[in-house]
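Heads up: the structure comes next, in structure tokens.
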Amino acid sequence: MHNSIRKKGVVFTILMSLTFFVSAQNTDLKLWYNAPAAEVWEAALPVGNGRLGGMIFGNPGKELISLNETSIWSGGPNRNDNPDALKALPEIRKLIFEGRYQQASKMAAQNIQSKGINGMMYQPAGDLSLEFPGHEIYTGYYRELDLASAVAKTTYKVGNTTYTRTVFASVPDQAIIIHLAADKPHSLTFDASLLSEHDSKVSVKSDNELYLSGKSSDKDGVSGAVKFETGAGIKQQGGTISSDNGVLKVSGATSATIYISIATNFVNYKDISADEKQKNAAYLHAAMQKDYRQLSKDHIAAYQRYFNRVKIDLGKTTSATLPTDQRVAEFAKGNDPQLAALYYQFGRYLLISSSQPGGQPANLQGIWNNKMNPPWGSKYTININTEMNYWPAEESNLTEMHGPLIEMVKELSETGKETAKVMYGAGGWVTHHNTDLWRISGPVDAINYGMWPMGGAWLSRHVFEKYLYNGDKEYLKTVYPALKGAAQFYLDFLVEEPVQGWMVVSPSMSPENSPKSHHDVSIAAGTTMDNQLVFDLFTNTIRAAEALNTDAALIDKLKKMRKRLPPMQVGQYGQLQEWMQDLDNPDDKHRHVSHLFGLYPAGQISPYHTPELFEAAKNSMIQRGDVSTGWSMGWKVNLWARLQDGNHAYKLITNQLTPAGVNQGENSGGGTYPNLFDAHPPFQIDGNFGCTAGITEMLVQSHDEAIHLLPALPDVWRDGSISGLRVRGGFEIEHLIWKDGHLDEVVIKSTLGGKCRLRVPDQIRGERLTVATGGNPNPFFQSLEVKPAIIAANANLKPAEIKETLLYEVDTKPGKTYKFKIAK
């Protein structure tokens, strides 16, 4: 078979292909520094295995390993529903519809806001302190975090002796491993101790095992009920080991391995009956059966199973030879594309390290927190931040890391049933803008932030998005009850507004903003984000039910109610309205851009299908401005990528990769700490994950009925490649290459089969589209269809703003790989 179709300036060659593997130099995957972190936590380097986290300071004389375990939270199982809400709800809605927002907000604060419980705090386990006498003066200092192996290393010299420390957090052995070595025999002497700010006590066993037991803090009248134990075991080579007053002392050794384990009495959000001491001893003693070499081998193999799936090359300049903190300081004014690639992979590293199958989801700081009372409790803020943590999960080929969030949604669908019933008299389930380890689902914090009953809608998007990537109906069956329950809540909760007769969410708000006309009162009805969220939820529930061939009556109800939702509206400034009324202020620079949920992460706004709304979304972005907090910059990278403006998306990356504290101006913040942690400020991990997702969106998108290649490639990334991405529909981008700013080649694997639709730039590079068969007819291409160019239909959109693209459609077979090649 041979087919050729002419289209001005374009040639594709399509053939069966083996997977193309792109190697990356390990030196390109290292954060490195020529000075220790001293006492700066945001300069320390993170390691984690999803359950245990450690921050490595790299201080020669007195090293500190800051320790975390994901179930150490204040309080214990509790609820924070306010039963007064149901009786007050009709009057609050009436006040809102009458425009009496201040009275409505006051009444909501009295009757809906939690009566005292506003979520528990994620807390540290404590620290491992290592003191090395005589190491205060040193030379030849170097420390690194190798993303290729998930190992932190510190080296330096004292006199003529070189000392090396390596640290990693092992998934297979559920322990943090520290290996200390000297290149001269019997030169290693140090003291090890465990410290904690919790009410705790230290004990020693057999002179080489140290234990610290403690209990989490009380909060909001809820007694601290999480009991935990940290263990530190040491096996030295040469020299001696002894104990003295709760300190382990190693003297004259050549090397030593320290095994760190932590366990709690936590079983699940409603059960804390485990024996933490028994669990901890099991972890520690199992790990201590292995030597360092085997521990390292097992750790690296388990980690690389995930990390090695994706390779990225954006080019490299001499800036890559500088220490990482110096590269961040110079990024905005220089040319360092490799730092963007490193930052991308650092986001993937953090997700692997903070969210493992069977564990807790990454919270506001992932798993790394050294404060007893951290900012915002280091909880799960589910009006953007928690969801942002998982934006890279599917597309950057870390689907297993998505699992803990999916499980949390299932758990909230249980706790949220009572909240829906008690507070709103509704079926299904609901949760508000914040939750914690105990899966509280009532409002959290002041009413200006807490009056947002939409957390379940946004979180439910994740359970369905995962299905769009894997096509697994058995998986879909396990999450469908949560999806259905979330939709059922809004079927009961929506109320008719009196002007247009639309069905709206009331009371609610547009997180965490308020229109100027409301005098700093956020309470509202029918905000644009809420409408988009409910539309998204109803649509996904309909699609899920249809895929499972179930709930025909529910499908009918959802379709009818969906038609009554308020449409997105364009306001007086050409903006996408944030509220149901035209209340936007073009000078509003608020960090939240909630009304653009429909652009990203949802795909309700498209240059090809809704060009007027697309232009309005762009106007909203311009009016809101670039300067913002760290996580907001991460969101804006994705939004500008969806707007197909790669140069503007890249500008946000340069703003992000600026030393924390440098950005100035209203609503300023953001930037990056020396260890590449995102600065809100303070540290929040969501900005790291948001930017990783944004870089993916710049290179590949799959939300708008096709796989769109290089939709927002910035001018600075002239040549590059990426491999291993996943896209919706069960396809994998095994390899994507571009040269001189133009698509060159893409290799795609079809895991499910079916139609593969590609949207590619019209590059004017050839004369015809051919199908190469390698000498043998290829039946997989018999139904090859080439569709004409698709451009935005709105004449107000300039060609420079919307790239002209070609749309191709090819039938694929499960498990087959296809190479699409631009022929010059």
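This chain uses plain numbering: 1 for the first residue, then up along the sequence. Only heavy atoms go into these numbers, but all of them, side chains included; no hydrogens, no water, no symmetry mates.
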Is [X] salt-bridged to [Y], cutoff N-O under 4.0 Å?
X	Y	answer
E400	R309	yes
K290	D173	yes
D719	K739	no
R726	E395	no
E465	R728	yes
D626	K651	yes

Are [X] and [Y] close enough that their ring centers fall under 6.0 Å?
X	Y	result
F689	W631	no
F683	W368	no
Y142	W32	yes

Listed pairs under 3.5 Å, donor-acceptor, residues 41-49 side chains, sequence neighbours left out:
residue : atom : partner : partner atom : Å
N49     : OD1  : R51     : N            : 3.0
N49     : OD1  : L52     : N            : 2.6
N49     : ND2  : S170    : O            : 2.8

Legend entry - Taking every non-hydrogen atom, the tightest pair across W738 and R718: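 Heavy atoms of W738 and R718 come nearest at CD1-O, 3.3 Å.
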
Inset, instruction - Check I384, N363, D678 against D686 for a side chain to side chain contact (heavy atoms under 4.5 Å, CB included) and give me the one that passes. - result: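 With D686 as partner, I384, N363, D678 yield a single side chain to side chain contact (heavy atoms under 4.5 Å, CB included), made by D678.
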
For [X] and [Y], indicate whether the former's side chain and the latter's backbone hold a donor-acceptor pair under 3.5 Å.
X	Y	answer
T812	G754	yes
S750	K816	no
W635	Y600	yes

Legend entry - Pair Y390, S355: side-chain N/O donor-acceptor within cut-off below 3.5 Å: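 A pair is found: one side chain offers a donor N or O, the other an acceptor, under 3.5 Å apart.
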
